Amino acid sequence: MALAVPATLWLMAAFAAPMAIVLLLAVQESPDPFAPLSFVPSFAQFRALLFDAYYLGVVARTILLGLGVTLAAAVLGYPLALWLARLPAQARPYAFAIVLIPLLTNVVVRSLGIVLLLAPDGIVNAVLGPIGLGNPRGWLFTHFAVGLALTQVFLPFMVLALYDSLLQADKRLDEAAASLGASRARAFFAVTLPLSLPGLRAGATIVFLLASTAYVSATILGGKKVWVAGMIVWQEALTNLNAPTAAAMATIMLVWGVAFAALAERAVRTAAPWLRGAAARPPVFELPPALARAAVVALDLLGGVAAKLLLAAAILLLIFPLTLVVVQSFNDVPQASVAGFRAFTWKWYAAALESTTYLRDARNSFDIAFVSMLCALAMALPAAFALARAEFPGKPAVSAFWMLPLALPHVAIAVGMLRLLQIFIAIPPFWGLVMVHVVLILPFCIALLRTSVLQLDRTLEQAAASLGASPARVFVTTILPNLAPGLAVAGILAFLISFGEVTVTSFLTTARLQTLPVRIYAEASFSLEPTVHAVSTLLILGTVALLALVNRFVKLDRVWAR
């Protein structure tokens with residue numbers, strides 16, 4: 001049980017305490033930033049938000065945007081997840097790079113690619129213009145632009161959730177359906193789709209929660225013309241210094257995320273009663289036999305083509321914006337958002353490498369990510385042993401608590417941590433950022449290392465002990481070498497996640513301690529020189545190189561399975 005203490009204490013201090021601060025701030029009566037905290041609850045902030053037409057409209061549009069992004073991710077994610085699950089085992093790790101490279105690349109970098117895609121002289125206008133569907137001013141600063149960017153950013157989560165379900169499904173059921181004469185379309189709707197409902201529920205919950213609480217992509221693609229709830233939180237907390245209103249909005253975001261998760265769980269339990277051991281119910285509504293046969297024939301004729309088109313669209317959406325960023329980094333244009341290629345140049349790389357600002361911020365990001373990675377690994381390793389080898393009271397609750405940072409809005413964590421650091425002013429900004437970065441990467445480290453611990457051969461430890469090795473020597477000479485690949489994989493992924501983090505970091509950086517992703521985010525908001533694209537390209541290449549290193553230890557398709 002003692003092995004679970006370090007991770008639990010850290011999360012209580014840097015996650016549970018900030019969330020408690022958010023809930024306390026949300027029920028303050030006065031928005032005065034210098035007013036003392038009151039423990040007498042007041043719903044003044046909630047009334048100001050929910051009974052104001054402007055804020056209510058922002059909340060409604062944010063929820064609708066999250067639902068639209070979730071639907072788009074499901075439609076595009078299914079063909080890609082099916083394709084990955086049905087690939088030969090030897091080809092799957094390389095195909096997985098299509099999903100993992102965008103997933104682990106900075107969200108600002110991916111949003112810059114969408115800007116280039118939707119700019120007035122971008123690819124979308126070039127394709128749609130000749131058929132009369134182009135927009136002379138481009139598609140930027142619209143809800144469509146924000147929705148497309150959020151779909152690109154969060155599509156990997158849907159794909160990976162569906163991939164897990166599809167890979168675990170019994171392949172003999174598909175074979176049985178085919179042997180009984182079911183067409184591919186009917187087999188999908190009768191076998192594949194029902195079996196993947198748990199993955200669809202998980203993917204939909206994650207995507208909706210992230211999309212409806214995001215603000216970075218919305219700020220870049222919305223251009224202050226499209227407002228979402230996360231932007232309200234950011235503005236109230238950092239511009240208006242109105243922490244209670246920011247906390248109240250973050251609490252509202254938390255409530256609708258929990259409500260959506262509960263509705264998704266209920267919908268899946270109703271649609272798939274066998275998951276809870278109940279008998280399947282007859283469908284409430286059935287098409288007439290003739291119409292059902294016609295629908296199956298139409299799906300058989302068009303379903304394959306539609307699936308291939310959706311697969312191509314999903315791959316292009318994930319990879320093409322990153323390609324545009326790389327191309328733009330060599331483009332001799334005066335402004336970052338000018339998409340048309342003018343001439344080849346290296347000057348943006350020279351400017352990036354000569355800039356003391358970029359180099360200083362890169363060093364800050366590296367230091368924070370490296371220290372956060374070491375702290376997370378130091379706590380995740382004993383926690384993984386506690387989960388894999390120990391039984392103690394409250395183990396399921398402790399495990400769920402460790403995973404909770406993945407399920408709650410990061411803007412809520414940011415608001416709470418910001419206020420907490422204002423209270424404890426003795427904590428340097430660097431260590432404040434490390435505290436919250438460890439919170440964000442610790443669940444990944446625990447999950448990855450738990451699988452590594454479960455795969456250890458305990459007979460080797462018993463043999464070493466029988467030969468007289470002390471417990472410490474068994475750990476150093478037997479356990480640690482066998483855990484080295486898992487530690488390397490967990491460390492690299494934790495470093496990448498921490499290095500690219502911007503949602504929480506933008507709340508906590510100071511004038512003297514800026515990280516590289518936050519710097520890119522700030523410059524992208526003002527559409528400056530394409531130096532940001534050169535820096536972004538270097539980050540993409542760094543991500544690719546580190547994922548190639550991960551693949552040497554553990555194949556990329558098995559990394560996510562951990």
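Side chains included, hydrogens not; waters and symmetry mates left out as well; all remaining heavy atoms used. What you see is a predicted model; the values in this text were computed from it and never measured.
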task: Could you tell me whether the side chain of L84 reaches within less than 4.5 Å of the side chain of F96, counting heavy atoms only?
output: yes

- prompt: How about L449 and L377: do any of their side-chain heavy atoms sit closer than 4.5 Å?
  reply: yes

field: Side chain proximity check, V107 to S217, heavy atoms < 4.5 angstrom
entry: yes

- request: Output the distance between atom CD1 (I497) and atom OG (S372), rounded to the nearest 0.5 Å.
  value: 11.5 Å

query: Is it true that F366 and F495 have ring centroids separated by less than 6.0 Å?
result: yes

message: To check you understand the geometry: which heavy-atom pair defines the closest contact between L324 and G113, and what is its length?
response: CD1-O, 3.8 Å

task: Starting at CG of L103, measure out to OG1 of T543 and round the result to the nearest 0.5 Å.
output: 10.5 Å

task: Output, in order, the C-alpha distance, side-chain angles, deciding distance and verdict of side-chain contact (heavy atoms from CB on, under 4.5 Å) for L112 and I520.
output: CA-CA 10 Å; L112 290 175; I520 297 174; 4.1 Å; yes

Expected output: side-chain S498 to main-chain A494 donor-acceptor under 3.5 Å: no

- request: Any chance you could measure F330, atom CZ, to Y349, atom OH, to the nearest 0.5 Å?
  value: 3.5 Å

field: Verdict with reasoning, V153 to V69, per side-chain contact (heavy atoms from CB on, under 4.5 Å)
entry: CA-CA 10 Å; V153 169; V69 170; over 6 Å; no

Flag, side chain of T62 to backbone of A229, donor-acceptor distance under 3.5 Å: yes

query: Would you say R201's side chain and E265's backbone share a donor-acceptor pair under 3.5 angstrom?
result: no

Gap separating the CE atom of M158 from the CG atom of L80, nearest 0.5 angstrom: 12.0 Å

- prompt: Side-chain contact, heavy-atom cut-off 4.5 Å: F444 with L406?
  reply: yes

message: Set out, in order, the CA-CA distance, both residues' side-chain angles and the distance that settles side-chain contact (heavy atoms from CB on, under 4.5 Å) for L148 and L117, then state yes or no.
response: CA-CA 10 Å; L148 184 66; L117 189 68; 4.2 Å; yes

- request: Could you tell me the separation between the NE2 atom of H143 and the CZ atom of R61, rounded to the nearest 0.5 Å?
  value: 5.5 Å

- request: Look at the side chain of S165 and the backbone N and O of G199, then say whether any donor-acceptor pair between them is shorter than 3.5 Å.
  value: yes

message: Between L11 and L404, is there a side-chain heavy-atom distance shorter than 4.5 Å?
response: no

message: My understanding is that only one of L440, V436, T213 makes a side chain to side chain contact (heavy atoms under 4.5 Å, CB included) with H410; could you say which?
response: L440

- line: Looking only at heavy atoms, the pair that brings L387 and K395 closest together is O-NZ, 2.7 Å

query: Side chains of T219 and Y521: donor-acceptor distance under 3.5 Å anywhere?
result: yes

- request: Classify the side-chain pair Y215/T503 by whether it contains a donor and acceptor separated by less than 3.5 Å.
  value: no

- prompt: Where is the tightest heavy-atom contact between L155 and A73, given as atom of each residue plus distance?
  reply: CD1-O, 3.4 Å

- line: Nearest heavy-atom contact between V268 and P198 is CG1-N, 4.5 Å

Backbone N/O of L516 and side chain of S365: donor-acceptor pair under 3.5 Å: yes

query: Are any of the side-chain heavy atoms of P517 and V108 separated by less than 4.5 Å?
result: no

- prompt: What is the minimum heavy-atom distance between L310 and P79, and which atoms define it?
  reply: CB-CG, 3.7 Å

- prompt: Which distance, rounded to the nearest 0.5 Å, do you find between the CG of L316 and the CD1 of I319?
  reply: 9.0 Å

query: Got L221 and V226 here, is their nearest side-chain heavy-atom distance under 4.5 Å?
result: no

message: Could you check whether any side-chain heavy atom of F260 comes within less than 4.5 Å of a side-chain heavy atom of I63, counting everything from C-beta outward?
response: no

- request: Using atom types as modelled and distance alone, determine if a side-chain donor or acceptor of S179 lies under 3.5 Å from a backbone N or O of A176.
  value: yes

